[in-house]
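One structure is given here, and the rest of the page talks about it.
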Amino acid sequence: LIDGGRRDEAVHSRRAIEIYSQLGDPEREARVTINLGAVAYEEGRWDDAIDLYRRGAELSRRGGNLDVAATGELNIGEILSDQGRLSEAMTTLTHARRVYTSIGQKHGAAFATMLLGRLAVREGRYEDGRALLEEAGDGLSSLNLAIYVGAAKAYLAEGEALGGDPSTALAMADRLLSLDNRNVALLRRVRAIALIRLGRSDPAVGELERSLEAASFSGTDYDTAAALDLLVALGVLVSGVEERDAILERLHVGWLPRPAALVGAAERDMFSRAIA
């Protein structure tokens, strides 16, 4: 029903959870709970999503399904990373990857590696991030998971834009934009960050406006806030502060990545902006 655009009618999962609980079937109860977490995530209710993923992981472990339990942890780690809770995200994602590896679940292990690579970039460990993202891309490619390969490459371009070679980031983003319509908001933002680092602020503004359009079309609030943040930092969209902060408060995001050129002197050892 949700995939068919009939979200208001998609009210059966709670009843399914009750039935599985009465039947004493924690594994199926876990799957429905984790699906509800995904719905909450898509609707921008990230704290609810974390609670549901955590509950689903606990149920999965009770039912003896370590694969699904690791999926719950993986999803939690992704949100924690986006919120800027990097230490918690590291612990959660590392454990999920360890579980996936121990049970031979290559898809999950590669996805966890990809998220750990993006986390390393956010921590400023660009070389580590590059190595992890390349490893993840190779692993996902070998499993013929083209959608996720595109995400790994987009995160790799993001790492180059933030702390690697901006010219390489531009080339990577251009190549991916010609092939990938799933990560447009991120890739346009990658181009903007690279252009800022190259001293080309005017074309960067145009890229950020395109990123905003793509984020609005796909309904990804995090990407909207990230593009607005850069436009505000460039001094071209003062009116975007309230919208940005409203999104960050709702998602409980503590900071957003910025290139060093836009980080104030008091933040010179960070590449992110603290949100009060």
Side-chain angles (χ1 to χ4, degrees), residues 44 46 79 81-86 118-124 126 129 133 151 153-174 176-177 180 182-276:
W46 283 12
I79 295 175
S81 179
D82 284 349
Q83 289 179 325
R85 298 159 64 182
L86 302 186
R118 196 181 197 194
L119 176 61
V121 168
R122 287 170 167 171
E123 290 182 327
Y126 302 112
L133 289 166
K153 290 181 177 179
Y155 296 157
L156 187 58
E158 181 185 35
E160 292 290 350
L162 283 166
D165 181 354
S167 296
T168 297
L170 281 175
M172 292 177 67
D174 287 344
L176 291 169
L177 282 166
D180 182 5
R182 295 178 180 271
N183 299 291
V184 175
L186 170 59
L187 291 169
R188 289 295 180 188
R189 192 166 75 250
V190 164
R191 292 198 86 254
I193 293 169
L195 288 166
I196 290 167
R197 288 186 61 204
L198 292 169
R200 300 167 59 191
S201 295
D202 288 344
V205 170
E207 290 295 341
L208 289 170
E209 290 171 346
R210 294 183 183 92
S211 180
L212 275 177
E213 291 174 2
S216 176
F217 179 78
S218 61
T220 50
D221 286 347
Y222 179 89
D223 286 324
T224 295
L228 287 171
D229 182 62
L230 291 172
L231 285 167
V232 169
L234 288 168
V236 297
L237 192 65
V238 177
S239 61
V241 173
E242 291 185 2
E243 181 181 356
R244 175 201 65 191
D245 288 354
I247 293 172
L248 298 182
E249 181 177 358
R250 178 163 49 80
L251 300 180
H252 288 178
V253 173
W255 53 261
L256 290 168
R258 277 186 181 178
L262 295 181
V263 176
E267 302 167 307
R268 60 182 177 275
D269 294 327
M270 301 174 63
F271 68 99
S272 58
R273 182 184 67 85
I275 305 297

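Just so we're clear, the structure is a prediction, and the values are computed from it rather than from any experiment.
Remark: the backbone N or O of Leu251 is not paired with any side-chain donor or acceptor of Trp46 at under 3.5 angstrom.
Here Arg122 pairs with Asp82 in a salt bridge; the nearest charged N to carboxylate O distance falls below 4.0 Å. Checked for salt-bridge contact, Glu213 and Arg210 miss the test: no charged N lies under 4.0 Å from a carboxylate O. Ion pairing of Arg118 with Glu158 is present here, as a side-chain N (NZ or NE/NH1/NH2) and a carboxylate O approach within less than 4.0 Å.
Looking at heavy atoms from C-beta onward, Thr224 lies in side-chain contact with Glu243 at the 4.5 angstrom threshold. Residues Ile196 and Leu234 have side chains in contact (heavy-atom distance under 4.5 Å, counting atoms from C-beta outward). The shortest distance between side-chain heavy atoms of Ile79 and Arg85 does not fall below 4.5 Å. Residues Leu195 and Glu207 have side chains in contact (heavy-atom distance under 4.5 Å, counting atoms from C-beta outward). Annotation: side chain of Leu208 is not in contact with side chain of Leu237 (no heavy-atom distance under 4.5 Å). Val190 is not listed as a side-chain neighbour of Tyr155, based on a closest heavy-atom distance of 4.5 Å or more.
When Val184, Leu230, Asp229 are each tested for a side-chain contact (heavy atoms from CB on, under 4.5 Å) with Arg189, only one passes: Leu230.
The line from CG of Asn183 to CG of Leu177 is 9.0 Å long, rounded to the nearest 0.5 Å. Here the OG-CG distance, from Ser211 to Leu187, works out to 9.0 Å after rounding to the nearest 0.5 Å.
Nearest approach of Ala225 to Arg244, heavy atoms of both residues: O-CG, 3.8 Å. Closest non-hydrogen pair, Ala173 versus Ala157, comes out as N-CB, 4.5 Å. A pairwise comparison of heavy atoms in Leu186 and Ala154 identifies CD2-CB, 3.8 Å as the closest pair. Counting all heavy atoms, side chain and backbone alike, Ala215 lies closest to Ala185 at N-CB, 3.8 Å. Of all the heavy atoms in Gly240 and Val232, the pair that sits closest is C-CG2, 4.0 Å.
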Side-chain polar contacts of residues 159-166 - donor-acceptor pairs under 3.5 angstrom, sequence neighbours left out - could you list them?
residue	atom	partner	partner atom	Å
Glu160	OE1	Arg130	NH2	3.3
Glu160	OE1	Asp165	N	2.8
Glu160	OE2	Arg130	NE	2.8
Glu160	OE2	Arg130	NH2	2.9
Asp165	OD1	Ser167	N	3.0
Asp165	OD2	Thr168	OG1	3.0

(request) Could you check Arg250 against Ile247 for side-chain contact (heavy atoms from CB on, under 4.5 Å), going step by step and ending with a plain yes or no? (result) CA-CA 5 Å; Arg250 178 163 49 80; Ile247 293 172; 4.1 Å; yes
(request) Using the side-chain contact (heavy atoms from CB on, under 4.5 Å) rule, take Leu86 and Trp255 through it: C-alpha gap first, then chi angles, then the decisive distance, then the call. (result) CA-CA 11 Å; Leu86 302 186; Trp255 53 261; 3.4 Å; yes
